[in-house]
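What follows is a short report on a single structure.
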Amino acid sequence: MKFIVATCLAGSLVLAGCASTDNSASSSSTTTANVGGTGARPSGSATPVYPRDPNLSPLTSGQARSQSVVTLAPPADMWDRIRRGFKMPNLESDLVRDREQWYASRPDYIQRMTERSNKYIFHIVEELERRNMPTELALLPYIESAFNPQAVSSARAAGMWQFMPATGTDFDLKQNIFRDDRRDVVASTRAALDYLQKLYGMFGDWQLALAAYNWGEGSVGRAIAKNQRLGLPTTYSDLSMPAETRLYVPKLQAVKNIVANPQAFNAELPLIANHPYFQTVPLTRDLDVELAAKLADVRIEDFRALNPAAHKPVLIAAGTSDILLPWDNAAVFKRNFDAYTQGQYASWTAWVVPSTMTVADAAQRSGMSESDLRALNNVPPRMLIKAGSTLIVPRGARVKEDVAAVVADGGHLSFQPEIITRRTTVKAGRSDNVASIARRYNLKPAAVADWNDVNTNHAFKRGYSVVVYLPVRASATARVGTGAAHGRAAVATSKRGGTPSKTVARGSSAKQVVARQPRGGTPSKRKR
């Protein structure tokens, strides 16, 4: 028995000695490997071994130092994330204090505005961080539109970022009868940040870039040049500018200050999770808006809030490659779309009008009532629909093809005035005949002869009551993307009888001279 105990003790001592030796060797090996940071060094050598790549060199202590503290904890919510990305210099002025008071005294307005931004602000911040731009710019739609993607200004600027039609075109925002990308969440954000980056590159100052976004780069450039000629400073606060632009940056600064420290302004910001609100889903077929919302299991109002660019009851796949859906509903939509077997995906389609026609004729040919066709396509009264125009009409059961890309991209709606004439009698003068009456009122001699049941070479007796049909109303020729007509006809009147001297009635047709409105709105709004 004693022999067995002695044997066990001896074995334990041997094992302990081996473990100590192994640990010591391991520790020594580890220490050797860590010196120099590139691997184990040869035994008995103190010189570290480096890779032989000539493009690599060891870090020095100076290179290894960090100039900033990296926050390891992720942002608690979107407000925290936005605060961490503030980079613009603060503006201190009485106007900022005034705007702070204005917002702080309207907590309901702040609540509505911030809750509305819940759907969009994660995407905007993601884009700003990807471009290394100040996250203050994510607050700019609060100033522009209160984060309403359907907002339209009196100067026809539209969307969250308030782009003017011409500037939208400059930044590849599609505008036609099917969609207006100035309202599109993703496209308009891309265009707005492109534009802001361009302006910052021009002026090298974010406050001046913001002034240019509101006032126009040309206006800001001229204001800077004026101060330079006068030997004056050229900062945002020193330039002479309209009241709207003077308040523009103070508004943004006030919102920034409230977001930075809501407690100081007795403001309560709703929780916005640091998580994407929506997903992008490919659209492979023309699809009714109502059906899309149903397949995604979302309210129609929520669907339109994420897809505000589509202003017709149908989504055209050739022009709308993607739709946005709430994060958790994207998979629901895909599953339901693939399983859908209850008929056509789209009950509407596009019809290119083959010839100029009345609304009544177009309605009859498309199987709609005149009032429905006018309402759906925004056709103004007393207008003919011009050849080549595109109308949204019911899609028949036999129609299998979706709308072609050429129609989806170039669809437009153009009008010409529907001339209304009135039977009028005029007194023939000395030596008047059919030809002279026709010339006087810009009519066809054959029409004058027909109206009076005479030959085209007939001479009227002096004082004879000659029947003519003259136009009594004219409206501007229009070419619009949404079907809305703008402006009135500019028609010169003749000195004789007050008839339009530039309106030529020829049988049932007439020529109109109209004034076209310039694109781009007012000068202060042309930039967007």
Side-chain angles (χ1 to χ4, degrees), residues 120 123-124 127-128 130-131 133-134 137-138 140-141 143-145 148-225 241-242 244-245 248 252 307-311 319-322 405-406 408-414 478-484 486-487 516-528:
Y120 319 112
H123 173 74
I124 295 173
E127 285 298 297
L128 288 169
R130 186 177 64 82
R131 297 168 182 241
M133 296 172 71
L137 297 175
L140 193 59
I143 312 305
E144 286 290 348
S145 63
N148 179 7
Q150 297 287 8
V152 180
S153 75
S154 58
R156 296 173 60 211
M160 278 194 305
W161 298 93
Q162 289 289 282
F163 273 94
M164 293 295 293
T167 313
T169 300
D170 292 341
F171 284 89
D172 300 322
L173 296 179
K174 189 184 303 180
Q175 301 160 64
N176 57 36
I177 67 164
F178 302 109
R179 61 184 294 109
D180 184 349
D181 280 347
R182 296 178 298 159
R183 295 177 170 90
D184 184 89
V185 175
V186 174
S188 68
T189 298
R190 184 267 310 158
L193 301 192
D194 285 349
Y195 191 25
L196 287 166
Q197 281 185 310
K198 173 188 173 183
L199 294 172
Y200 181 73
M202 293 174 64
F203 299 105
D205 179 283
W206 280 115
Q207 293 178 0
L208 292 178
L210 289 167
Y213 190 85
N214 176 259
W215 192 21
E217 58 263 39
S219 299
V220 172
R222 288 188 291 272
I224 291 174
M241 57 183 65
E244 178 185 335
T245 310
Y248 193 67
L252 182 63
N307 301 276
H311 48 68
T320 307
S321 58
D322 301 300
V406 64
D409 288 335
H412 67 274
L413 190 53
S414 302
R479 175 187 173 91
V480 294
T482 61
H486 302 281
R516 292 188 179 273
Q517 296 203 0
R519 296 179 67 198
T522 59
S524 66
K525 289 289 187 180
R526 293 181 73 91
K527 77 295 173 190
R528 288 182 279 106

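We count residues from 1, following the sequence as given.
The closest side-chain heavy-atom distance from Leu193 to Thr189 is below 4.5 Å. Using a 4.5 Å heavy-atom cutoff, the side chains of Thr167 and Leu173 are not in contact.
With rounding to the nearest 0.5 Å, the separation of CG in Leu252 from CD1 in Ile143 is 5.5 Å. Note: Leu137 CG to Tyr213 OH = 10.0 Å, rounded to the nearest 0.5 Å. Note that the CG atom of Asn148 and the CZ atom of Arg183 stand 9.5 Å from one another [nearest 0.5 Å]. To the nearest 0.5 Å, atom CD of residue Gln175 and atom CG of residue Asp184 are 12.0 Å apart. The distance from the CD atom of Glu144 to the OH atom of Tyr248 is 3.5 Å, given to the nearest 0.5 Å. Note that the CG atom of Asn307 and the CG atom of Asp322 stand 10.0 Å from one another [nearest 0.5 Å].
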Checklist entry - So Leu199 and Val220, side-chain contact (heavy atoms from CB on, under 4.5 Å) or not? Walk me through it. => result CA-CA 10 Å; Leu199 294 172; Val220 172; over 6 Å; no
Checklist entry - Stepwise, does the salt bridge (Lys or Arg N to Asp or Glu O under 4.0 Å) test hold for Arg190 with Asp194? => result CA-CA 6 Å; Arg190 184 267 310 158; Asp194 285 349; 3.6 Å; yes
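Between Ala209 and Leu196 the shortest heavy-atom distance is CB-O, 4.5 Å. Pairing each heavy atom of Asn176 with each of Gly411, the nearest pair is CB-O, 3.2 Å. Between His311 and Ile177 the shortest heavy-atom distance is CE1-O, 2.8 Å. Heavy-atom minimum distance, Gln162 versus Ser153: OE1-CB, 3.4 Å. Nearest heavy atoms, Pro141 versus Ile124: CG-CD1, 4.3 Å. In plain terms, the two heavy atoms of Met160 and Ser188 that are nearest each other are CE-OG, 4.5 Å.
For Ser145, there are no side-chain hydrogen bond (donor to acceptor under 3.5 Å, both in side chains) partners, not counting sequence neighbours. For Phe203, there are no ring-ring contact (aromatic ring centres under 6.0 Å, His included) partners at least two apart in sequence or on another chain.
Tyr200 and Trp206 have parallel rings, their planes meeting at less than 30° on a 0 to 90° scale where 60° marks the start of perpendicular. Using cut-offs of 30° and 60° on the angle between ring planes, the pair Tyr195 and Phe171 is tilted.
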